[in-house]
Amino acid sequence: MSRVVHKFTRRVPEWQPRVTPVKLDEATPEQLDALKVTPSNTKVSAYVLTLAHDVESLAVRSPLFNAIMYDEGGMSRAERELGAIAASMVNRCIYCAAVHADRHAKLEGSTDVTDKLFADGANADLSARDAAIFAFARKLSEAPPSAGADDVTALREAGLEDAEILDLILSTSLFGWANRLMHVLGDPVRREGSA
């Protein structure tokens, strides 16, 4: 038995698709080609296998995801994850929030930021830089027009350069889209008996 997860946590739940994922041993050559590039570059998840039903979109989505989240230069990987976490919290995407909070904690070697965010949300006591990043990403996710010039100024005052601000906008916006796909295509579940 499984239950849908509703609480933010770093413990990544299982993602249970509502649409049957493509089976690798039954995938078309086009699907296999689109599946060559995966977000983690280590495995093909049920989510990516579900997206493989639309080969053209997946063939563009995975390289775009990797470029936004993993490319060298600009904002640090952990800070890009912070943008993803903010978007996922606003959009109540429990699965994405868990995945990216776990990645953030591993990249930083600390759970401090994610513990505070999951306990206190927008009121979390963060460093000036992390607070500015989270506030901007939250506003951008809640209502894009509400993130304006004053927020960009706050990011600059917190030490972000223009290339980092662009990376933040890209990572946050990417997760506005990714969260919506996750919500419609499946559910985060935890097996009974697991904490």
Side-chain angles (χ1 to χ4, degrees), residues 5-13 38-42 45 47 61-183 188:
V5 179
H6 295 288
K7 183 180 175 195
F8 291 124
T9 175
R10 271 187 316 279
R11 180 170 291 164
V12 180
T38 63
S40 66
N41 288 320
T42 59
S45 68
Y47 174 64
R61 176 255 180 218
S62 293
L64 177 64
F65 184 101
N66 288 343
I68 290 172
M69 296 304 291
Y70 303 131
D71 270 2
E72 299 283 325
M75 180 172 264
S76 74
R77 287 265 323 275
E79 290 174 335
R80 293 176 205 213
E81 299 293 348
L82 191 52
I85 295 165
S88 299
M89 288 177 71
V90 167
N91 294 317
R92 303 289 306 154
C93 189
I94 303 300
Y95 182 85
C96 290
V99 167
H100 296 282
D102 181 61
R103 285 188 188 156
H104 181 276
K106 287 175 179 168
L107 288 164
E108 290 290 293
S110 170
T111 63
D112 187 53
V113 170
T114 53
D115 286 346
K116 289 177 180 179
L117 285 173
F118 290 165
D120 300 321
N123 297 318
D125 181 22
L126 305 176
S127 71
R129 186 174 171 103
D130 284 349
I133 289 169
F134 186 80
F136 181 84
R138 182 181 53 79
K139 280 180 133 180
L140 185 60
S141 300
E142 288 174 344
S146 72
D150 290 344
D151 300 291
V152 172
T153 298
L155 289 170
R156 287 187 180 124
E157 288 173 354
L160 277 79
E161 297 176 3
D162 287 351
E164 293 174 309
I165 294 169
L166 179 59
D167 283 343
L168 176 59
I169 292 167
L170 291 171
S171 64
T172 303
S173 300
L174 177 69
F175 275 86
W177 177 57
N179 295 157
R180 284 156 179 79
L181 286 172
M182 296 294 289
H183 283 309

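This one's a predicted model, so the numbers in the text were calculated from it and none came from an experiment.
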Problem set entry | Leu117 and Leu82, any side-chain heavy atoms less than 4.5 Å apart | yes
For this session: Report the residues that fulfil side chain to side chain donor-acceptor pair (under 3.5 Å) with Thr114, sequence neighbours left out, ordered by chain and then residue number.
Result: Arg10
Problem set entry | Note, Val113 side chain near Glu108 side chain (heavy atom, < 4.5 Å) | no
For this session: Please report the closest heavy-atom contact between Phe134 and Ala122, naming both atoms and the distance.
Result: CE2-CA, 4.0 Å
Exercise. Is a donor on one side and an acceptor on the other found under 3.5 Å between the side chain of His104 and the backbone of Ile85?
Worked result: no
Problem set entry | Least distance between heavy atoms, Ala137 atom then Leu168 atom | CB-CD1, 4.2 Å
Problem set entry | salt bridge (charged side-chain N to carboxylate O under 4.0 Å, His left out) involving Asp162 - partner list, sequence neighbours excluded | Arg156
Seminar exercise, completed: Minimal heavy-atom distance between Cys96 and Ser88, with the atoms involved, is CB-OG, 3.2 Å
Seminar exercise, completed: Shortest non-hydrogen pair, Ser146 vs Asp151, comes out as O-OD2, 3.4 Å
Problem set entry | Non-hydrogen side-chain atoms of Ile94 and Arg92 separated by less than 4.5 Å | yes
Seminar exercise, completed: Note: Ala132 and Leu155 closest approach over all heavy atoms is O-CD2, 3.4 Å
Exercise. Should the ring pair His100 and Phe175 be called parallel, tilted or perpendicular, given that the plane angle runs from 0 to 90° and is split at 30 and 60?
Worked result: perpendicular
Problem set entry | Value rounded to 0.5 Å, distance of CG in Leu160 from CD1 in Ile165 | 5.5 Å
Exercise. Salt bridge (charged side-chain N to carboxylate O under 4.0 Å, His left out) with Asp130: which residues, sequence neighbours excluded?
Worked result: none
Seminar exercise, completed: Residues passing the side chain to side chain donor-acceptor pair (under 3.5 Å) test with Thr111, sequence neighbours excluded, are Asp115
Seminar exercise, completed: In short, salt bridge (charged side-chain N to carboxylate O under 4.0 Å, His left out) pairs touching residues 167-183 with sequence neighbours left out are Arg80-Asp167
For this session: Could you tell me whether the side chain of Ser171 and the main chain of Ala84 form a donor-acceptor pair under 3.5 Å?
Result: no
For this session: Not counting sequence neighbours, list each pair that qualifies as a salt bridge (charged side-chain N to carboxylate O under 4.0 Å, His left out) and has a residue in residues 116-126.
Result: Asp112-Lys116
For this session: Report yes if some heavy atom in the side chain of Tyr47 is under 4.5 Å from a heavy atom in the side chain of Leu181; otherwise report no.
Result: yes
For this session: To the nearest 0.5 angstrom, please state how far the CG atom of Asn91 sits from the CE atom of Met182.
Result: 12.5 Å
Problem set entry | Any Met75 side-chain heavy atom under 4.5 Å of Ile133 side chain | yes
Problem set entry | Check: Phe118 and Lys7 side chains under 4.5 Å, non-hydrogen atoms | no
For this session: Verify, without hydrogens or angle tests, whether Glu164 (side chain) and Glu161 (backbone) share a donor-acceptor contact under 3.5 angstrom.
Result: yes
For this session: Can you measure from CD (Glu81) to CG (Asp102) and round to the nearest 0.5 angstrom?
Result: 9.5 Å
Seminar exercise, completed: Nearest heavy-atom approach of Ala131 to Leu126 is N-CB, 3.9 Å
